[in-house]
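Structure record follows, encoded as structure tokens.
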Amino acid sequence: TFLDAYRGRGRSAGARRLTFAAGSDVTISNVTDATGMPVVAGPRSREVLAGLTDTTGDPVAALDLAGRLAELVDRIGIGAGEKILDLGCGDGTTALPAAERGAQVTGVDIAENLVAAGRRRAEAAGLTNIDFEEGDASNLESIDDGKFDRVVSIFGAMFAPNPDSVASEMVRVTRPGGQIVMGNWIPGDPTLVAQVLKTSAAFTPPPPEGFVSPMLWGQDDKVRERFAKAGIPHDRIICERDSFMFRHDGPPAEFVDRFTRFYGPTMNALDAAEQSGRADELRSELGRLFEAHNQSGDPGRRGIERHHGTRP
């Protein structure tokens with residue numbers, strides 16, 4: 001689901017269309033809710049969110065998403081001079097292309113290693129109009145009211161433990177007439193990513209008590225309810241679903257290997273499965289799943305449809 005919430009007055013929804021890769025690596029989890037969907041909650045949230053790294057300790061682009069999220073930046077219409085907050089920014093996969101287009105960007109993430117990696121990427125790219133900082137999406141205490149023209153969160157803020165506070169903080173730091181764009185997983189979807197999450201959940205430990213599943217952000221009524229509490233009327237909120245075709249130039253087995261080495265839910269599931277002696281079972285289930293979703297017509301290549309949200 002996408003949210004496009006307008007705070008205050010004087011701006012109408014444009015005729016743009018958003019599409020992007022529905023597999024952002026910044027949203028990492030190791031527990032599940034009652035429906036089998038992964039969640040992040042409780043005291044280990046920071047540790048879990050910091051989990052997607054390669055052997056050097058840096059985040060990886062193993063799922064080839066950078067180009068897709070750069071396309072998202074263009075389709076949102078982010079341009080020079082705008083003040084942008086990327087909430088749950090990871091290592092800057094969305095924030096950096098926004099800065100490359102001339103926006104003044106702040107990236108906030110709870111994971112220290114991802115923030116550090118984002119800073120390194122910005123420095124390497126020679127970008128001086130972007131800052132990365134550690135922060136909690138449910139308590140942006142270091143950010144003034146109405147600071148940003150747009151707040152963007154793609155599979156990031158949905159994993160913060162207190163969703164009502166997240167919605168309130170996103171609205172608070174957006175200027176009157178500004179825009180919030182939020183990309184969230186859709187629960188129970190038949191396409192690849194939702195099924196990967198469901199399969200991974202079957203191999204992970206049960207959730208702690210007292211959490212709220214982040215997958216509720218994928219339900220339109222919950223999106224409207226949470227932002228209504230923050231002062232956004234329902235007629236200013238648009239939720240819509242769309243599809244994205246992920247293409248990988250290699251066989252399904254190779255793509256499965258990438259997921260088990262670099263994607264948080266499958267990394268955690270494999271770790272738990274190895275401890276319980278079920279690692280081969282998990283790999284077999286994932287292999288069958290990826291084969292079933294291969295739409296390329298070529299067993300040596302992948303073309304996979306995955307559902308996500310968009311707005312007109």
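Hydrogens, waters and symmetry mates play no part in the numbers below; they use all other heavy atoms, side chains included. This structure is a prediction, so every number in the text was calculated from the model and none was measured.
Annotation: side chain of L286 is not in contact with side chain of F259 (no heavy-atom distance under 4.5 Å). Side-chain contact between F148 and I84 is absent, with no heavy atoms from C-beta onward closer than 4.5 Å. When side chains are defined from C-beta on, V115 does not count as touching E112, because their heavy atoms never get closer than 4.5 Å. Side chains of R283 and V256 form no contact here, defined as non-hydrogen atoms less than 4.5 Å apart. Looking only at side-chain heavy atoms (C-beta outward), V108 and D86 stay at 4.5 Å or farther from each other.
The backbone N or O of L96 lies less than 3.5 Å from no partner atom in the side chain of R121, so there is not a single donor-acceptor pair. Panel note: side chain Q104, backbone N129; a donor-acceptor pair is recorded below 3.5 Å. At least one donor-acceptor pair under 3.5 Å links the side chain of E82 to the backbone N or O of G79. The main-chain N or O of K83 is found under 3.5 Å from a side-chain atom of D149 such that the two form a donor-acceptor pair. In terms of modelled atom types and a separation under 3.5 Å, the side chain of T204 and the main chain of A201 share a donor-acceptor contact. Under a 3.5 Å cut-off, the side chain of N184 and the backbone N or O of G218 do not form any donor-acceptor pair. Proximity of a side-chain donor or acceptor of S153 to a complementary backbone N or O of G88 within less than 3.5 Å is not detected.
Between R172 and I143, the closest heavy-atom pair is NH1-O, 2.9 Å. Contact record, H293 with P190: CE1-O, 3.1 Å, taken as the closest heavy-atom pair. T260 approaches M267 most closely through the heavy-atom pair O-CG, 3.6 Å. Shown here for W217 and A167, the closest heavy-atom pair between the two residues is CH2-CB, 4.2 Å. Minimum heavy-atom separation, A98 to V73: CA-CG1, 3.8 Å. Contact record, A157 with V166: CB-CG1, 3.8 Å, taken as the closest heavy-atom pair.
Atom CD1 of residue I180 and atom CZ of residue R150 lie 12.0 Å apart, to the nearest 0.5 angstrom. Separation of atoms CG (L192) and OG1 (T199) is listed at 9.0 Å; rounding is to 0.5 Å. With values rounded to the nearest 0.5 angstrom, Q195 atom CD is found 11.5 Å from E285 atom CD. The CE atom of M182 sits 11.5 Å away from atom CD1 of I237, with the distance rounded to the nearest 0.5 Å. The NE2 atom of H234 sits 8.0 Å away from atom CD of E225, with the distance rounded to the nearest 0.5 Å. Atom CD in E169 sits 10.5 Å away from atom OG1 in T174 (nearest 0.5 Å).
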(message) Before you tell me yes or no, could you show the steps for L87 and V152 under side-chain contact (heavy atoms from CB on, under 4.5 Å), namely the whole-Å CA-CA distance, both residues' side-chain angles and the distance that decides it to 0.1 Å?
(response) CA-CA 6 Å; L87 191 56; V152 179; over 6 Å; no
(request) Would you sort out whether D144 and V173 count as a side-chain contact (heavy atoms from CB on, under 4.5 Å), showing the intermediate values? (result) CA-CA 6 Å; D144 294 336; V173 302; over 6 Å; no
(request) Just do the side-chain contact (heavy atoms from CB on, under 4.5 Å) check on L140 and L85 with the steps written out, would you? (result) CA-CA 11 Å; L140 299 171; L85 172 63; 4.2 Å; yes
(message) For a side-chain contact (heavy atoms from CB on, under 4.5 Å) check, start with the C-alpha distance between F203 and R278, then their side-chain angles and the critical distance, and finish with the verdict.
(response) CA-CA 8 Å; F203 290 83; R278 301 176 64 198; 3.4 Å; yes
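A donor atom on one side chain and an acceptor atom on the other are not found under 3.5 Å apart for N268 and T266. E133 and S142 form a side-chain donor-acceptor contact under 3.5 Å, judged by distance and modelled atom types alone.
Within 6.0 Å of the CD atom in E123, the count of heavy atoms belonging to other residues, nucleotides or ligands does not exceed 12. Counted within 6.0 Å of CG on D280, heavy atoms from surrounding residues, nucleotides or ligands total 12 or fewer; the atom is thus considered open.
Residues that satisfy the salt bridge (Lys or Arg N to Asp or Glu O under 4.0 Å) test with R101, not counting sequence neighbours, are D74. Residues passing the salt bridge (Lys or Arg N to Asp or Glu O under 4.0 Å) test with K147, sequence neighbours excluded: none.
We find that R288 and E291 are not joined by a salt bridge, their nearest charged nitrogen and carboxylate oxygen being 4.0 Å or further apart.
With C89 as the fixed residue, the side chain to side chain contact (heavy atoms under 4.5 Å, CB included) test singles out one of D109, I130, T106, I154: D109.
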